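Report on one structure; see the data block that follows.
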Amino acid sequence: DGRYIFFNHAASQFTGKSVSDVLGQDDRALFPLAQAENLIETDRQVIFKKCSIFKEENLNTVNGELFFSATKGPLYAANGDIIGTFGISRDITEQKLAAQALVESESRFRGLVEQSLAGIYVIQDEYLRYVNPGFAKMFGYASPEDIIDKVPLMNIIGPLDRAKVAKNVHLRLTGEVKDIRYIFSGCRADGSLIDLEAHGCAFEFKGRPAVIGLVLDITQRVAIEKQLKLSEERFQYALNATNDGIWDWDFQRGLSYFSPRCYKIFGYRAEEVTLDLSFLKQLIHPADYSKVSESIDKCLKYNSTYVD
């Protein structure tokens, strides 16, 4: 009839009930009704099937909610008749909560990684063992599944940078460097090249050395930097080709640029002066200072050009 005839000290500690209070009672005296009925039904199944049952049980006790790994089986009399059931329960609460925390942590991490615009990757044995959707899109693939374990690492690296990338991966796998950051060219699925910045470090993936990191598409930034460099080179060519002195006045930082020709015109060397407003004023003849000052004010107020 499901009543306890044996209840050891460990079970007493789990439930917060003394042995004397439990003997002769069934599970309804120990647990909430719904949980008790579930335990009683398991006992019925053991007797009906004449076999042991292994399951996890989640029970409310005086110590709070606990998880148990339970084994229940038929209890036989000397003549072979089933006279009841026995049960062995092991507290697995700590392991269960740790597993749940790990699942939740992995879920949060995956949610963050899957939504990231940066490309996240794991490299092992010269293949990409994991990439996020941002990585796949960056390289022109429809989904991560089109890359993972299928595309060799070097296939997505620009030909001129393959040796550099292979060396950097090797340095991390061997532990010669912990992490590294560098720029390289990537090769998209359609064969076009993009400029990328990689950040990565060594870690263990499925029990073996691997590299984890992220890549950023810096193609636009590199193009702007190249254009800026070209513009600066052209400006320098123009300076070298003219006899005009050129200076630049930044109102927040003061006088910020004085061309070599300017220094020569006024008879100074760069190391002799401090580029500030007081230096600019001393270059103007006192008789012309008011006129120059007024002209500069008009330039600022009306966004006009001053020529004298």
Side-chain angles (χ1 to χ4, degrees), residues 1-114 120 122 124-125 127-132 143-145 148-150 202-210 212:
D1 58 0
R3 298 182 184 277
Y4 285 96
I5 59 174
F6 176 77
F7 202 73
N8 71 355
H9 178 67
S12 177
Q13 287 185 317
F14 287 148
T15 59
K17 301 283 187 178
S18 67
V19 175
S20 59
D21 288 339
V22 174
L23 295 181
Q25 304 292 326
D26 63 19
D27 288 311
R28 298 182 186 90
L30 299 174
F31 307 107
L33 182 60
Q35 294 179 357
E37 293 293 348
N38 185 51
L39 295 173
I40 292 171
E41 178 59 28
T42 300
D43 290 337
R44 293 193 185 106
Q45 290 297 316
V46 167
I47 294 173
F48 176 75
K49 295 179 180 181
K50 299 180 180 181
C51 67
S52 295
I53 292 178
F54 307 90
K55 62 183 297 187
E56 286 188 4
E57 296 173 342
N58 180 14
L59 302 173
N60 293 333
T61 72
V62 292
N63 298 314
E65 183 182 36
L66 299 179
F67 295 87
F68 297 92
S69 175
T71 301
K72 291 190 174 183
L75 187 63
Y76 293 93
N79 62 0
D81 292 338
I82 296 177
I83 59 174
T85 62
F86 71 87
I88 302 172
S89 296
R90 181 168 59 90
D91 185 357
I92 59 170
T93 304
E94 186 175 337
Q95 300 97 303
K96 194 74 174 178
L97 294 179
Q100 289 179 352
L102 179 60
V103 169
E104 292 172 1
S105 177
E106 289 179 344
S107 178
R108 289 193 297 269
F109 173 75
R110 183 168 293 275
L112 176 64
V113 167
E114 297 296 309
I120 312 295
V122 172
Q124 190 179 67
D125 299 329
Y127 275 83
L128 291 152
R129 301 307 183 188
Y130 171 80
V131 299
N132 70 336
S143 70
E145 288 71 27
I148 297 173
D149 296 332
K150 296 177 181 177
F203 88 125
E204 193 172 274
F205 180 67
K206 296 184 178 179
R208 297 178 53 244
I212 186 172

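Please read these numbers as outputs of a predicted model, since none were measured by experiment.
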query = If you round to the nearest 0.5 Å, how far is OG1 of Thr61 from CG of Asp91?
reply = 8.5 Å
query = Do the side chains of Leu59 and Leu66 get nearer than 4.5 Å, heavy atoms only?
reply = no
inquiry  = With heavy-atom distances below 4.5 Å as the criterion, would you say the side chains of Phe203 and Val122 are in contact?
reply    = yes
request  = Verify, without hydrogens or angle tests, whether Asp125 (side chain) and Tyr127 (backbone) share a donor-acceptor contact under 3.5 angstrom.
outcome  = no
task = Taking the side chain as every heavy atom from C-beta outward, state whether Tyr76 and Asp81 have any atom pair closer than 4.5 Å.
result = no
message = With a 6.0 Å cut-off (strictly less than), is the heavy-atom count around CD of Glu41, excluding the residue itself, greater than 12?
response = yes
request  = Would you please indicate if the ring centroids of Phe68 and Phe14 are separated by under 6.0 Å?
outcome  = yes
ask   = Side chains of Arg129 and Asp149: does their closest heavy-atom pair fall under 4.5 Å?
value = yes
query = Taking C-beta and beyond as the side chain, do Arg28 and Leu33 meet within less than 4.5 Å on heavy atoms?
reply = yes
message = Let me confirm one number: the CD1-CD1 distance from Ile83 to Ile47, rounded to the nearest 0.5 Å.
response = 10.0 Å
request  = Could you point out which residue of Asn60, Leu39, Asn38 forms a side-chain contact (heavy atoms from CB on, under 4.5 Å) with Phe31?
outcome  = Leu39
message = Has Asp26 got a side-chain atom pairing as donor or acceptor with Gly2's backbone, closer than 3.5 angstrom?
response = no
note = Here the pair of heavy atoms bringing Ile53 nearest to Val46 is CD1-CG2, 3.8 Å
query = Gln124 side chain to Pro209 main-chain N or O, any donor-acceptor pair under 3.5 Å?
reply = yes
key: Sidechain-backbone polar pair: Lys150 side chain, Glu145 backbone, donor-acceptor under 3.5 Å   = yes
task = Using modelled atom types only, decide if a donor and an acceptor are shared between the side chain of Thr85 and the backbone of Pro74 within a distance under 3.5 Å.
result = no
message = Looking at Ser69 and Glu56, would you say the former's side chain and the latter's main chain have a donor-acceptor pair under 3.5 Å?
response = no
remark   = Rounded to the nearest 0.5 Å, the CD1 atom of Ile120 sits from the CG atom of Leu128 at a distance of 12.5 Å
query = For the atom pair OG (Ser20) and CZ (Phe7), what is the distance rounded to the nearest 0.5 Å?
reply = 11.0 Å
query = What is the minimum heavy-atom distance between Ser12 and Ser18, and which atoms define it?
reply = OG-CA, 3.7 Å
key: Distance (rounded to the nearest 0.5 Å) between Tyr4 OH and Leu23 CG   = 10.5 Å
key: Within-4.5 Å side-chain heavy-atom neighbours: Arg90 and Gln95   = yes
ask   = Measuring from Ser52:OG to Lys72:NZ, what's the distance to the nearest 0.5 Å?
value = 12.0 Å
